[in-house]
Amino acid sequence: RRPPRSTQGVSSAASDVYKRQLLAVLHIAVELERMGDYAEGIGKICMIIGDDESVPTPLQLPRMAEKGVAMLRGSLKSLVERDKDLANDGWDSDDEGDSLYDEVCHQIFLDMGENPKVIEASTHFLWVAHDLERIADRATNIAERVIFMVTGKVGRYTPPNKVDGV
């Protein structure tokens, strides 16, 4: 049986790289589509909240959004440039995003405990925080896929000299 024309005459190693790239891009497309769903959810919540100034936006929420956007940009840049080190930076940023999420939730719960009248609006903010955290996680997944695409290994990339402790 003959291989498909697209890989005919291509070395096994080149074929593996091609397959990894294809697999990574397909998974990244799913991640981006899901991020779009989260963004749509955030937009709907913003429409519900509207200009209601009775409950101030938690201070960390805009920081979460900025961090998620930066993580996504970095992950996509690592994809375009096939840069495993930049993808590692995206991977490493996940902890900061998680910490911001914990801070936001803690503050929202404190606000709800102090003023039960803000529970409904605060619940909306919790959903926004959740969606922003999931967007950041999806950006991390993209970085992970880039690392796989470039190195053929799953997980954070460690340069060979770092493995030996040098």
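One-based numbering along the sequence shown. Note that this is a predicted model, so its numbers are computed, not measured.
Ring to ring, His124 and Trp127 are not that close: their centroids are 6.0 angstrom or more apart.
No chain of hydrophobic side-chain contacts below 4.5 Å, direct or via other Ile, Leu, Val, Met, Phe, Trp or Tyr residues, connects Leu76 to Leu86. In the hydrophobic clustering of ILVMFWY residues, with side-chain heavy atoms under 4.5 Å counting as a link, Met35 and Met71 come out apart. Val104 and Val69 fall into different hydrophobic clusters, defined by Ile, Leu, Val, Met, Phe, Trp and Tyr side-chain heavy atoms under 4.5 Å apart, directly or through other members. When hydrophobic clusters are built by joining Ile, Leu, Val, Met, Phe, Trp and Tyr residues whose side-chain heavy atoms come closer than 4.5 Å, directly or via intermediates, Phe109 is grouped together with Ile45.
Across Glu31, Glu144, Glu33, a single residue satisfies salt bridge (charged side-chain N to carboxylate O under 4.0 Å, His left out) together with Arg138, and that is Glu31.
For Ala87, the side-chain contact (heavy atoms from CB on, under 4.5 Å) partners at least two apart in sequence or on another chain are Ser78, Ala143, Val146, Ile147.
Counting heavy atoms from C-beta on, the side chains of Ser75 and Leu79 never come closer than 4.5 Å. In this structure, Phe125 and Ile49 have side chains that are in contact, with non-hydrogen atoms separated by less than 4.5 Å. Residues Leu32 and Leu72 meet the side-chain proximity criterion, which asks for heavy atoms closer than 4.5 Å.
The line from NE2 of His130 to CD of Glu133 is 7.0 Å long, rounded to the nearest 0.5 Å. Rounded to the nearest 0.5 angstrom, Gln60 CD and Ile108 CD1 are separated by 8.5 Å. Summarising the geometry, atom CG belonging to Leu61 is positioned 10.5 Å from atom CD belonging to Glu66; distances are rounded to the nearest 0.5 Å.
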Q: Could you walk me through whether Ile42 and Cys46 pass side chain to side chain contact (heavy atoms under 4.5 Å, CB included), step by step?
A: CA-CA 6 Å; Ile42 292 169; Cys46 289; 4.2 Å; yes
Q.
If you apply the rule side chain to side chain contact (heavy atoms under 4.5 Å, CB included), what do you find for Arg145 with Met149, and how did you get there?
A. CA-CA 6 Å; Arg145 290 295 175 181; Met149 180 183 77; over 6 Å; no
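Side-chain N or O atoms of Arg82 include none that pairs as donor or acceptor with a backbone N or O of Val150 at under 3.5 Å.
Residue pairs that meet the side-chain hydrogen bond (donor to acceptor under 3.5 Å, both in side chains) test with at least one member in residues 106-116, sequence neighbours left out, are Gln107-Asp111.
Here the shortest heavy-atom pairing between Ser122 and Met112 reads CB-CG, 3.3 Å. The two residues Leu59 and Pro62 have their closest heavy-atom pair at O-CD, 3.3 Å.
Salt-bridge check for Arg134 with Asp131: failed, with every basic side-chain N at 4.0 Å or more from each acidic carboxylate O.
Within 6.0 Å of atom CD in Glu120, 12 or fewer heavy atoms from other residues, nucleotides or ligands are found, so the atom counts as exposed in its surroundings.
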Would you list the atom pairs, donor with acceptor, under 3.5 Å between side chains in residues 94-103 and any protein atom, with sequence neighbours excluded?
residue: Asp94; atom: OD1; partner: Thr140; partner atom: OG1; Å: 3.4
residue: Glu96; atom: OE1; partner: Lys67; partner atom: NZ; Å: 3.1
residue: Ser99; atom: OG; partner: Asp95; partner atom: O; Å: 3.1

